[in-house]
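This report refers to the structure that appears directly beneath it.
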Amino acid sequence: MDYKDLANLIFPNSKDISYYEEKYKNRNLDEGAIVTRFAPSPTGFVHLGSLYQVVVARKVAKQTNGVFFLRVEDTDQKREIENGVTGIIESLKDFGLTPDEGMKDEINEIGNYGPYKQSLRKEIYESYAKYLLEQGKAYPCFATPEELEEMRQKQEAAKIRPGYYGVWAKYRNLSVEEAAEKIKNGDSYIIRLRSEGKEDRKIKHHDVIKGNVDFPENDQDIVIIKADGLPTYHFAHAIDDHLMQTTHVIRGDEWLSSVPLHLQLFQMLGFKAPKYAHIAPIMKEDEGGKRKLSKRKDPEAAVSYYTEIGVPKEAVIEYLLNIANSSFELWRKQNPNTSINEFELQLNKMSVSGALFDIVKILDIAKTVISKYSAEKIYEETINWAENYDKELLELLENKEYALKVFGIERGNAKPRKDIAKWSDVKENIEYMYDNKFYEKELEYDYQKIIDKDLIKKILKLYIEKYYNENDDKQMWFDKIKDLAEEVGFAREVKEWKQEPEKWPGHVGDISTVLRVALTSKSNTPDMYEIMQILGKEKVFKRLEKAMEVLNK
RNA sequence: GGCCCCUUGGUCAAGCGGUUAAGACAUCGCCCUUUCACGGCGGGGACAUGGGUUCGAUUCCCGUAGGGGUCACCA
């Protein structure tokens, strides 16, 4: 009996690997085209760090006319949740980061290199496991969990490197006959790699992001097929990325230390290894220290957080791009209106250590992004958001024509306002333009500099009776406010007043403030002329009268 | 603990043997302005630390400290 017989005993019906090697033809891509993938476990939750990887992986594929695909790594049934794949796909869709091939929903997929769901690739892994068994590069291991635990404890007590290797690899040197007998006996087993590595030898590896890294070779006889018949991550990675012809494995740097193993796997299977790019994690400040942004502790770790609070997807992506390549910021400054597709991302310029997450920065980017939107676009985006998260806002925006006017205030010019960072800011921002919201609560007026009630009343009364005319253009409108200022003894021009402040009790700006506060109950609003135009004479008067009424109390 | 990686202002970061050590966010001040934003100008603020190597180290080497990752039949 030899290795081949043992392999046949374990996997009697597996196809020869040549079947798969031929089935998956070479991708017909341009020279230099990069093939990348996103390979999540279907837990449904997409972490900001994962989105970061997707942005990077998809970008480098796109900019080289390559392929970006989605592979679902569901080899751990214990962790799987219902509709996990859908959750991931929906999140990617929310950010406009749909893959070229791979899973489209829980069951359907597109592409010629599938299945793209690992649990459906069981036969493939078995063929390759058999291939290794035939050559004695893998073997069945009958160690029970208890046995392994005992081994670990001994190793710990003796303060030696833990693991299944060397003399500790109890079933490594079992004869084929002994192994076959145990199998026939019904003993349970898993398949391990018969590692050829030596711990005292170093391998040199060049990571696209991390640069040159030296590691000891892997000498652990790691599990390749688990008791449930599914492969471990490592084995599946080698086979899938070979068959799917991934050129660049872009993943989190928690995998960096597995590189020696992965390289070894590729080598023992006779595959050409892909390039690796290990991305540093996004960190979070915590009690003076840093830690990875955590799914459990940090709401902002979930990408759904951004759709919930209404940060535009472009802003999130731009932020991520900015972390990836800081040159993006400069590029954006020089190309304020260019699509990010034009930006060339360089993997080797990525930071090797993890950046602290900065919500202030992301919101700043969001403000800039939104400031470039048209009123129409803002209206649509706000409606989309409000449909899911704020019914009251949705009602407010029912009158589209009016809403467009409100969103159009000081927008579309060279220096647009930057006061909306997320759609959840909108309501507070526009409420006062709606009478039903405006009169809803007890109105408070803080007239700032002018505190004399009689003077305020006089200003409001004069404005209503003498100066306001809704047909005035902006210049005329403002000239009239100046006239009003003059009539109550204030300076017409701020400049004049600044030169001789003792000459007047105040200036036209103070008068404007009174009108503004009476009109909106806020001291900070955008252009008051536009506000009055949109509100119209009737509402303007009603509001000013209301302010006088409150003053009379 | 073993192995691996990292360490430039509050944060993200350029620079990689000779620089007044960029820029962005944040912060502060001034200007613009009918308010607030926007915009413009300016200020404060950094090469973890100790040794080398060198005419010269933020840049190269070694140690120390600090941070991160990893050591599963999880990915």
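In this structure, CZ of A/Phe490 is placed 16 Å from P of B/U34, rounded to the nearest angstrom. Counting to the nearest Å, the P atom of B/C36 and the CG atom of A/Asp425 are 20 Å from each other. In this structure, OH of A/Tyr319 is placed 13 Å from P of B/U11, rounded to the nearest angstrom. Atom-to-atom, NZ of A/Lys292 to C1' of B/C5 comes out at 14 Å; the value is rounded to the nearest Å. In this structure, A/His262 places its NE2 atom 13 Å from C1' of B/C71, rounding to the nearest Å. Protein atom CZ of A/Phe328 is 14 Å distant from nucleotide atom P of B/C25, rounded to whole Å. Here the P atom of nucleotide B/G2 and the CG atom of A/Asp214 are 19 Å apart, to the nearest Å. Atom CG of A/Leu256 and atom P of B/C6 are 10 Å apart (whole Å).
Under the 4.0 Å criterion applied to side-chain N and carboxylate O atoms, A/Arg37 and A/Asp240 are not assigned as salt-bridge partners. A salt bridge between A/Glu329 and A/Arg332 is absent, with no side-chain N of the basic residue lying under 4.0 Å from a carboxylate O of the acidic one.
When the side-chain nitrogen and oxygen atoms of A/Lys349 are compared with OP1 and OP2 of B/G15, one or more of them lie within a distance under 4.0 Å. For the OP1/OP2 pair of B/C73 and a distance below 4.0 Å, the side-chain nitrogens and oxygens of A/Arg192 include at least one atom meeting the criterion. For the OP1/OP2 pair of B/C36 and a distance below 4.0 Å, the side-chain nitrogens and oxygens of A/Lys418 include no atom meeting the criterion. Applying the 4.0 Å criterion to OP1 and OP2 of B/G2, one finds that A/Lys159 has every side-chain N and O outside that range. Between A/Ser353 and B/C5 there is no side-chain N or O to OP1 or OP2 distance below 4.0 Å. Between A/Lys226 and B/A72 there is no side-chain polar atom (N or O) within less than 4.0 angstrom of OP1 or OP2. Contact between the side-chain N/O atoms of A/Lys78 and the OP1/OP2 oxygens of B/C73 is not found at any separation under 4.0 Å.
For A/Arg417 and B/C36, a side-chain-to-base donor-acceptor distance below 3.5 Å is present, hydrogens and geometry of angles not being considered. For A/Arg79 against B/C74, a side-chain N or O and a base N or O form a donor-acceptor pair under 3.5 Å.
Place A/Ala355 and A/Pro216 on RNA chain B by their nearest nucleotides, and A/Pro216 ends up nearer the 5' end. Toward the 5′ end of RNA chain B lies the nearest nucleotide of A/Val352, the other residue of the pair A/Ala39 and A/Val352 mapping further downstream.
With both ends at atom C1', the span from B/U35 to B/C16 equals 50 Å, rounded to whole Å. Taking atom C1' on both nucleotides, B/U58 is separated from B/G15 by 9 Å, rounded to a whole Å. Taking atom P on both nucleotides, B/G2 is separated from B/G45 by 41 Å, rounded to a whole Å. Spacing of C1' atoms, B/A75 relative to B/G17, comes out at 44 Å, to the nearest Å. With both ends at atom P, the span from B/G51 to B/G43 equals 34 Å, rounded to whole Å. To the nearest whole angstrom, the two P atoms, one in B/G29 and one in B/A37, are 12 Å apart. On the P atoms, B/G67 is 46 Å away from B/C31, given to the nearest whole Å. With C1' as the reference atom, B/U64 and B/A26 are 33 Å apart, rounded to whole Å.
For A/Glu410, taking side-chain heavy atoms from C-beta onward, the closest of the listed nucleotides B/C71, B/C4, B/A37 is B/A37.
Ring centroid separation for the pair A/Phe328 and A/Phe343 comes in under the 6.0 Å cut-off.
A cation-pi arrangement, defined by a distance under 6.0 Å to the six-membered ring centre and an angle within 45 degrees of its axis, is absent between A/Arg192 and A/Tyr171.
Looking at heavy-atom distances under 4.0 Å, A/Lys495 makes contact with sugar-phosphate atoms alone, never a base. Within 4.0 Å of A/Ser41, counting heavy atoms only, lie sugar-phosphate atoms of the nucleic acid but no base atom. Residue A/Val259 is out of contact with every strand shown, counting any heavy-atom pair closer than 4.0 Å. Contact annotation for A/Lys202: backbone-only contact, meaning every heavy-atom pair under 4.0 Å involves sugar-phosphate atoms and none involves a base. Base contact: A/Ser523 has a heavy atom under 4.0 Å from a base atom. Within the 4.0 angstrom heavy-atom criterion, only backbone atoms of the sugar-phosphate kind lie near A/Thr75; the bases stay farther away. If you check every strand for non-hydrogen atoms under 4.0 Å, A/Phe215 touches sugar and phosphate atoms only. Residue A/Pro416 is in sugar-phosphate contact alone, with no base atom involved, counting any heavy-atom pair closer than 4.0 Å across all strands shown. Residue contacts for A/Leu356: at a heavy-atom cut-off of 4.0 Å it reaches the sugar-phosphate backbone alone, with no base atom in range. Among the atoms of the strands shown, none is found under 4.0 Å from any heavy atom of A/Trp497. Residue contacts shown for A/Phe478 include a base, since a base heavy atom lies under 4.0 Å away.
Pairing for B/C71 is with B/G1, a Watson-Crick or G-U wobble pair whose two hydrogen-bonding atom distances lie under 3.5 Å. B/A22 is unpaired under the Watson-Crick or G-U wobble criterion, no partner having all donor-acceptor distances under 3.5 Å. Base pairing analysis places B/G39 opposite B/C31; the two distances defining the Watson-Crick or G-U wobble pair are each below 3.5 Å. Nucleotide B/G66 forms a Watson-Crick or G-U wobble pair with B/C6, both donor-acceptor distances falling under 3.5 Å.
Below 30°, between 30° and 60°, or above 60°: for A/His234 and A/His262 the angle between ring planes is between 30° and 60°, a tilted geometry.
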*Just do the ring-ring contact (aromatic ring centres under 6.0 Å, His included) check on A/Phe142 and A/Tyr189 with the steps written out, would you?*
CA-CA 4 Å; A/Phe142 301 89; A/Tyr189 62 93; 5.7 Å; yes

*Should A/Phe357 and A/Tyr319 be marked as a ring-ring contact (aromatic ring centres under 6.0 Å, His included) after you check the CA-CA gap, both sets of side-chain angles, and the distance that decides it?*
CA-CA 10 Å; A/Phe357 178 73; A/Tyr319 173 69; 5.7 Å; yes

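Using modelled atom types, one finds a donor on one side chain and an acceptor on the other under 3.5 Å when comparing A/Gln475 with A/Asp479. In this structure, a donor-acceptor pair under 3.5 Å is present between the side chains of A/Thr525 and A/Arg516.
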